There are 2 protein chains.
Amino acid sequence: MQKRVSLKDIAAKVGVSTALVSYVLNGQEKEKRVGAEVVKRIRKAAEELNYQPNQIARSLRMQSTKTIGLIVADIANPFFAQLARIIENEATKYGYTVIFGSSDEDELKSEALINTLLNRQVDGLIIVPAGGTSSQIETLLKKRIPVVLVDRYFPEISVSHVVLDNYKATYDATCHLINTGYKNIAMVAYKSNLTHMKDRIMGYKEAMKSNNLLENVHVTEIRHNHYETDFNITFSRLIKNNKEIDALLFATSVLSISGLFQIQNQCLKIPEDVAFIGFDGGASFDLYQPPLSFIQQPIDEMGKESIRILMDVINNSGKISQVKLQSKMIIRDIKECN
Amino acid sequence: MQKRVSLKDIAAKVGVSTALVSYVLNGQEKEKRVGAEVVKRIRKAAEELNYQPNQIARSLRMQSTKTIGLIVADIANPFFAQLARIIENEATKYGYTVIFGSSDEDELKSEALINTLLNRQVDGLIIVPAGGTSSQIETLLKKRIPVVLVDRYFPEISVSHVVLDNYKATYDATCHLINTGYKNIAMVAYKSNLTHMKDRIMGYKEAMKSNNLLENVHVTEIRHNHYETDFNITFSRLIKNNKEIDALLFATSVLSISGLFQIQNQCLKIPEDVAFIGFDGGASFDLYQPPLSFIQQPIDEMGKESIRILMDVINNSGKISQVKLQSKMIIRDIKECN
DNA sequence: CTGAAAGCGCTTACAG
DNA sequence: CTGAAAGCGCTTACAG
């Protein structure tokens with residue numbers, strides 16, 4: 001690694017102090033009334049030496065790194081990957097760089113991740129909080145670290161967040177199924193204390209209740225840390241023990257996909273044997289025969305809002321914005337090819 | 001943002017110099033023969049004040065940030081998202097943090113991205129290079145920045161890389177189709193100067209040639225920046241003008257998915273109307289009826305190797321490792337549900 | 001065994 | 001209009 005050129009090198013070459021070089025290169029030549037001739041020579045030297053500012057030194061001095069930390073459950077999950085992409089784009093517009101990490105829905109990993117990001121002095125954090133991490137978020141707030149939660153939130157903590165109207169999402173989806181004629185609708189969700197999951201389950205339950213179908217409520221809750229086994233066992237039990245189930249509603253994208261595999265394994269046809277509503281969409285849903293209906297989240301808006309709010313918090317700390325976005329039901333028709 | 005506690009605060013509290021605190025907290029109390037009693041008090045104070053080292057200050061002083069930059073084409077693309085996940089995991093094991101960015105296959109974005117990452121003093125870069133960026137890579141090498149290319153490389157540049165044996169991947173896939181009885185095999189690829197794409201096309205061509213099917217070679221090259229239109233036009237033209245085409249081979253995951261949409265639109269059945277071999281796999285392929293065959297890349301190995309090599313380059317700069325990994329053909333059976 | 005001091009590469013209040 | 005100097009929070013050679 002050969003020595004990088006610094007302000008000092010430019011100063012030496014031009015024969016001025018580093019202060020002047022700093023002013024000019026930061027576009028403050030007007031305010032600081034730097035001589036026109038000097039400005040020109042500094043610019044030229046910087047160009048010739050191909051000067052690149054050392055962001056680390058700058059960060060240390062400015063007490064601001066222009067970096068944001070992004071913690072998602074798993075960057076390999078398409079929903080979070082898309083979210084990350086949007087956040088990356090938006091952050092770039094504001095002159096910020098993104099450091100990311102995956103918590104795997106694990107409290108300890110989340111804590112470790114938050115610590116590394118703080119040690120790297122991120123200016124703020126965008127977090128998809130894992131279950132049981134509310135105390136970690138509270139600690140951040142106590143330290144006055146700008147943070148916005150996305151996708152999930154803790155109702156007991158007063159912190160900025162942007163989430164889906166999860167209750168309404170599944171309420172509407174369930175009503176759609178009921179209106180289409182299904183009565184024995186089962187829901188497949190995660191076992192979780194997180195509000196977004198509880199709300200999704202509640203939306204379904206309330207919709208069933210409103211339609212006097214309370215006795216037909218079936219909720220299967222899969223444990224994150226026993227995903228494979230739980231899914232295989234509980235899902236097939238669900239279907240076998242309840243032959244009358246005529247529709248399935250899934251609480252996340254990953255659950256939807258797993259459900260489809262099971263549906264295929266059991267040679268069930270959608271919608272003849274069982275109707276289907278998934279979460280989040282994706283090529284798998286579009287290419288399925290028939291194309292599958294799903295609850296679509298406004299990922300783009302979610303990403304943009306979370307950055308916008310974070311910038312707001314960074315610039316006027318204290319302000320809290322809590323945004324609830326609406327999902328959209330995507331209803332698919334069967335395309336006949338005969 | 002309340003003031004964070006620094007080494008100085010601990011030193012003041014204990015009544016020693018910051019040097020001692022630094023030694024102890026970095027586990028050098030033995031080498032530096034710090035008094036046992038002092039060690040204990042420093043540890044206690046650090047604990048009580050909940051000291052967290054400022055990684056930025058440390059980076060500036062050490063001239064090493066323990067950060068690596070990752071540039072992919074698009075983090076929202078599942079292939080790159082998975083690669084990012086593995087790289088994240090591995091980096092963490094080595095005590096490194098990852099900053100990422102998406103180039104969108106765009107020279108200018110790539111250049112801008114490389115610059116921001118360098119200004120942030122990353123210790124090294126893992127890059128999926130976009131077309132036309134070979135000079136950018138050369139510049140990095142000239143500056144002695146540790147870099148390893150992944151997924152793609154430039155044969156004319158002597159730099160560490162880990163890529164797929166692309167030629168063999170499509171050669172084998174084509175032979176598989178031929179051996180299964182298909183003769184009019186068309187390939188759908190990107191228009192690109194990048195070697196990985198050229199090799200994939202060449203593998204196909206050479207396989208056709210070896211089997212005396214040279215006159216049946218059809219290659220469609222889609223332009224990145226006119227993706228939608230190119231795909232729709234050229235693909236339907238390909239099929240319409242060549243009714244005899246009985247098999248399709250796709251050069252990437254994204255192309256495969258687009259191809260499947262077209263196949264469905266045109267009401268073609270796989271494999272009766274046209275056989276299919278895709279790239280990279282994913283739920284869409286597994287859930288398709290019938291399940292689709294594809295060329296599987298060893299993403300896990302790719303990610304792990306790229307970090308391992310980068311660490312090697314960082315620690316003994318000058319060393320160059322070039323790794324070519326083998327893909328695996330995943331052949332699917334039709335599962336009958338009658 | 002311990003401390004004073006330099007320095008990483010910047011920015012910026014201050015003095016002139 | 002310009003420069004000398006302090007300081008961000010660390011690490012580490014040097015002196016004692």
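Nothing here was measured: the structure is a model prediction, and the numbers come from that model. Lettering follows sequence order; numbering is per chain, from 1.
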Residue whose nearest DNA chain D nucleotide is more 5′ - A:V16 or B:A19: A:V16
Roughly how many Å is it from CE in B:M62 to C1' in D:dA13, rounded to a whole number? 14 Å
Please determine whether a side-chain nitrogen of the Lys or Arg among A:E47 and A:K44 lies less than 4.0 Å from a carboxylate oxygen of the Asp or Glu. no
The residue, A:T18 or B:V34, whose nearest nucleotide of DNA chain C is more 5′ is B:V34
Considering non-hydrogen atoms only, spot the tightest contact between B:L7 and B:S22 and give its length. CD1-CB, 3.9 Å
What nucleotide among C:dG9, D:dC8, D:dT11 has an atom nearest to a side-chain atom of B:L60? C:dG9
Between P of C:dG7 and CD1 of A:I56, the distance in whole Å: 21 Å
Would you kindly give the CD-to-C1' distance between B:Q63 and D:dT11, to the nearest whole Å? 12 Å
A:I75 and B:A84 have their tightest heavy-atom pair at CG2-C, 4.4 Å
Answer yes or no: does a side-chain N or O of A:Y51 lie under 4.0 Å from OP1 or OP2 of C:dG9? no
So, is B:S22 close to the D:dT11 phosphate, meaning a side-chain N or O under 4.0 Å from OP1 or OP2? yes
If the plane angle is over 60° it's perpendicular, under 30° parallel, otherwise tilted; pick one for A:F100 and B:F100. perpendicular
Can a side chain N or O of B:N54 be found less than 4.0 Å away from OP1 or OP2 on D:dC8? no
Using whole Å, report how far CD of B:E31 lies from C1' of C:dT2. 16 Å
Whole-Å distance, A:R120 CZ to D:dC8 P, equals 22 Å
What does A:R33 touch in the nucleic acid at a heavy-atom separation under 4.0 angstrom: a base, only the sugar-phosphate, or nothing? base
Which dot-bracket string fits DNA chain C when only Watson-Crick or G-U wobble pairs with both atom distances under 3.5 Å count, crossing pairs get [ ], and | stands for a partner on a different strand? |||.||||||||.|||
Sidechain N-carboxylate O distance under 4.0 Å for A:E105, A:R152: yes
B:K8 has a side chain; which of C:dG3, D:dC8, C:dC8 sits nearest to it? D:dC8
May I ask you to verify if any side-chain N or O of B:R58 is less than 4.0 angstrom from the OP1 or OP2 atom of D:dT11? yes
Rounded to the nearest angstrom, tell me the gap between atom CG in A:L7 and atom P in C:dG9. 10 Å
Pair B:F79, B:D151 - check side-chain contact (heavy atoms from CB on, under 4.5 Å), show working. CA-CA 10 Å; B:F79 173 71; B:D151 184 44; 3.9 Å; yes
Heavy-atom nearest nucleotide on DNA chain C taken for B:A57 and for B:A36; more 5' hit belongs to B:A36
Can we say A:E301 and A:K304 salt-bridge, meaning some charged N sits less than 4.0 Å from an Asp/Glu carboxylate O? no
For the student: nearest non-hydrogen atoms of B:S102 and B:A73, plus distance: CB-O, 3.6 Å
Any idea which of C:dT2, D:dG9, C:dT11 is nearest the B:R61 side chain? D:dG9
For C:dG3, does OP1 or OP2 lie under 4.0 Å from any side-chain N or O of B:S17? yes
Integer-rounded Å distance: D:dC1 C1' and A:K30 NZ: 13 Å
In whole Å, I'd like the distance from the CG atom of B:N26 to the P atom of D:dT12. 8 Å
